[in-house]
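Some notes on the structure that comes next.
None of these values were measured; they are calculated from a predicted model.
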Amino acid sequence: IDGQAGLMSYSSLIFYSLTIDNILNIIVLIILAGVSIAMLTGNKGILTQAQKAKEETENATEEEKIQLAVIGSSVTDNGYSDILDEESFTEELQKQFGSQSIDVHSNGDGSFLITINDTQRKYYINDDETIINGDNIVEINTPEELVSFRDDVNSGNSYEGKVVLLTDDITLDLSQEWEAIGYYDQATENIKYPDTDTNKPFRGIFDGGNYTINGITITSTDEICHGLFGLVIDGTIRNVVIGENNNISGKQRTAGVVGYLYGFQGNISNCINYSNITGNAGIVGNISGQHMIYNCKNYGTITGSGGIVGSSNGTDWPEEFANYSHKIVNCGNYGNIIKENGTNCGGIVGYLKGNIINCCNKCEINGNINVGGIARKCGRNNRELL
């Protein structure tokens, strides 16, 4: 090996393949040859580079094992399943990792969080079987971290390709007006696709871990999107619980979880709202595009259009969505819906241009025109399944 560059170039292979005794002997010889300790242990030193190479190799090996487990649990006696089963996936992971200790947490919707206990490395398996490693996982466990994350999104970081995990209950300051995560500029609300420099959407995966968020104050009279999230484009929000101690009031794109969900992919799943809301809905205010709203529940009184969704695609449905639809599946409303002087309200959704499957309403609906227990107003190209 010739020179410092040569030593560093080949160090990863050498140090990863030799025994500890051999490595120590080589280090002694290198020092006797005049190589400094800094060259061995500095930020770009041989030992540092070797350790990085070892960690990268271990990461790659872990990810390959997880991928094999995903494939193994997806193949069933009846063919290929596009939803991972928790029991079979856990069994396949145990086959791949052997005696190595791992934690497997199922979100109940085909997504999983895996922790390798020996190394504390984490991997997130999305419901489309995409594997996201720890480098792209962000954890939030304090109000300050949630606010910092919000500010980062609203500054232009969409978090596309990343997972944001809530790891504890969050209580915000009720005396402070909450600015939603994902900014939607009212001045550009009629553009074909709301993704300009003035709009800052969230595009990643936010997993609330079934922790409860309280202290959201929204007192808005504008048409900008409001909720925990404002504008979500092709993003996924799951396992979010909006508690009872919130003060949320706004217009048609106001809800507990997401104000405006837009695009061709992304889901809202396993979300619950307990807050009384004056706005459009308990979970999602407005939807345009192809999405799945799955296994969500509302328990708060909604002075607005719907318990789960306020309006789906709305009266100004963009033409690019003409051949697309969304589904509201396995959702339930357990809070009263009040819209005494308005039109289009229902237990699940007020204005519907999509599919409703296996949903229920258990509470009163108080409206004026176009009122239904599940959904009342059905727009064009509707493919409703009740």
Between D109 and N295, do the side chains contain an N or O donor and an N or O acceptor separated by less than 3.5 Å?
-> no
Answer yes or no: is there a donor N or O on one side and an acceptor on the other, between the side chain of N214 and the main chain of N245, under 3.5 Å?
-> yes
Between S275 (side chain) and I277 (backbone), is there a donor-acceptor pair under 3.5 Å?
-> no
Donor-acceptor pair, side chain of S148 and main chain of E144, under 3.5 angstrom = no
Using salt bridge (charged side-chain N to carboxylate O under 4.0 Å, His left out) as the criterion, list what pairs up with K362, not counting sequence neighbours.
-> none
Is the number of heavy atoms from other residues, nucleotides or ligands within 6.0 Å of CD (Q100) greater than 12?
-> yes
Approximate separation, where rounding is to 0.5 Å, of Y184 OH and Y260 OH | 5.0 Å
Between N267 and D127: side-chain donor-acceptor atoms closer than 3.5 Å | yes
Taking T217 for the side chain and L174 for the main chain, is one N or O donor matched with an acceptor at less than 3.5 Å?
-> yes
Side-chain H-bond candidate by donor/acceptor type, S220 with K251, under 3.5 Å | no
Ring pair (Phe, Tyr, Trp, His ring centres under 6.0 Å) involving Y274 - partner list, sequence neighbours excluded = Y299
How close do N141 and I170 get, heavy atom to heavy atom, and via which atoms?
-> C-CD1, 3.8 Å
Between S73 and E91, do the side chains contain an N or O donor and an N or O acceptor separated by less than 3.5 Å?
-> no
Flag the pair N246 / W178 as yes when at least one side-chain heavy-atom distance between them is below 4.5 Å, and no otherwise.
-> no
List for me each residue that meets ring pair (Phe, Tyr, Trp, His ring centres under 6.0 Å) alongside Y211, sequence neighbours excluded, and say none if there are none.
-> none
Find the distance between OG (S101) and CD (Q94) and round it off to the nearest 0.5 Å.
-> 10.0 Å
Would you call V232 and V284 a side-chain contact if the rule is heavy atoms closer than 4.5 Å?
-> no
With sequence neighbours left out, the residues meeting ring pair (Phe, Tyr, Trp, His ring centres under 6.0 Å) with F97 are none
Could you pull out all residues at least two apart from Y294 that satisfy ring pair (Phe, Tyr, Trp, His ring centres under 6.0 Å)?
-> none
So, are K95 and E92 salt-bridged, with charged N and O less than 4.0 Å apart?
-> yes
Measuring from D118:CG to E62:CD, what's the distance to the nearest 0.5 Å?
-> 9.0 Å
Does a side-chain heavy-atom distance below 4.5 Å link I268 with H291?
-> no
R150 side-chain N/O to E179 backbone N/O, donor-acceptor pair under 3.5 Å = yes
Please name all residues satisfying salt bridge (charged side-chain N to carboxylate O under 4.0 Å, His left out) with K122, sequence neighbours left out, ordered by chain then number.
-> E139
Can you tell me if CD on Q120 sees more than 12 non-hydrogen neighbours from other groups inside 6.0 Å?
-> yes
Anything under 30° is parallel, anything over 60° is perpendicular, the rest tilted; go ahead and classify F149 against Y159.
-> perpendicular
How long is the span from the OG1 atom in T236 to the CG atom in D128, to the nearest 0.5 Å?
-> 8.0 Å
Side-chain (T167) to main-chain (I140) donor-acceptor, under 3.5 angstrom = yes
Give a yes or no answer on whether the side chain of N336 reaches the backbone of E364 with a donor-acceptor pair at less than 3.5 Å.
-> yes
T301 backbone acceptor or donor facing N276 side chain under 3.5 Å | yes
Under 3.5 Å donor-acceptor, N247 side chain and S175 backbone = no
With distance as the sole test, does D234 use its side chain to make a donor-acceptor pair with the main-chain N or O of R203 at under 3.5 Å?
-> no
